[in-house]
Amino acid sequence: MAVIDELVEANERYAGTFDRGHLPLPPARRIAVVTCMDARILPSKALGLEEGDAHGIRNAGGRARDALRSIIISQRLLGT
């Protein structure tokens, strides 16, 4: 099976059991986390965050300057 097929199947399973649609769009803990896109790091687990707690902004090097557009939207429109 090709990797894309595995990803599509995993997404179908996730979507079929997704029960977090009731959560509000602004993050509950009113924070945004900027972190490196390193696949070995799961920021939510590293910081003890659950779905709906925070905006996760990942980019190469985790540099805030490079993620500025996403940070501004998170802060100005969604209250982080």
Side-chain angles (χ1 to χ4, degrees):
M1 175 181 294
V3 172
I4 188 65
D5 296 325
E6 293 173 8
L7 297 174
V8 169
E9 283 185 13
N11 181 258
E12 288 172 350
R13 286 190 304 274
Y14 178 78
T17 62
F18 184 74
D19 63 354
R20 306 293 174 134
H22 66 281
L23 295 173
L25 189 57
R29 297 183 71 183
R30 300 180 54 112
I31 59 172
V33 175
V34 179
T35 187
C36 183
M37 57 191 262
D38 187 328
R40 300 170 295 177
I41 300 168
L42 294 176
S44 58
K45 287 187 179 182
L47 300 172
L49 299 170
E50 300 293 331
E51 290 96 334
D53 279 350
H55 285 156
I57 302 166
R58 297 183 75 150
N59 67 333
R63 294 178 53 146
R65 183 188 75 204
D66 297 336
L68 194 55
R69 182 181 69 155
S70 295
I71 294 168
I72 291 169
I73 291 169
S74 178
Q75 194 271 324
R76 296 289 181 178
L77 297 179
L78 298 166
T80 60

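Hydrophobic side-chain contacts under 4.5 Å tie I72 into a cluster, directly or through other members, with L68. In the hydrophobic clustering, Y14 connects to F18, either directly or through intervening members, whenever side-chain heavy atoms lie under 4.5 Å apart. Alongside I71, the hydrophobic cluster contains V34, I57 (criterion: ILVMFWY side chains under 4.5 Å).
For the pair V3/L7, a side-chain contact is recorded, criterion being any heavy-atom separation below 4.5 Å from C-beta on.
S70 meets the side-chain hydrogen bond (donor to acceptor under 3.5 Å, both in side chains) test with no other residue; sequence neighbours excluded. With sequence neighbours excluded, the residues satisfying side chain to side chain contact (heavy atoms under 4.5 Å, CB included) with R29 are I31, L49, D53. In terms of the side chain to side chain contact (heavy atoms under 4.5 Å, CB included) criterion, residue partners of L23 (sequence neighbours excluded) are, by chain and number, R20, E51. For R63, the salt bridge (charged side-chain N to carboxylate O under 4.0 Å, His left out) partners two or more places apart in sequence, or in a different chain, are D66. Every residue two or more places apart in sequence or in another chain that forms a side-chain hydrogen bond (donor to acceptor under 3.5 Å, both in side chains) with R40 is listed here: D38.
Annotation: salt bridge (charged side-chain N to carboxylate O under 4.0 Å, His left out) contacts involving residues 2-16, sequence neighbours excluded, are absent. A ring-ring contact (aromatic ring centres under 6.0 Å, His included) check over residues 59-80, counting only residues at least two apart or in different chains, returns nothing.
Of all heavy-atom pairs spanning P43 and R58, the tightest one is CD-NH1, 3.3 Å. The heavy-atom pair separating A54 from P27 by the smallest distance is CA-CB, 3.5 Å.
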Item to check | Residues H55, T80; criterion side chain to side chain donor-acceptor pair (under 3.5 Å); working and verdict | outcome: CA-CA 8 Å; H55 285 156; T80 60; 4.8 Å; no
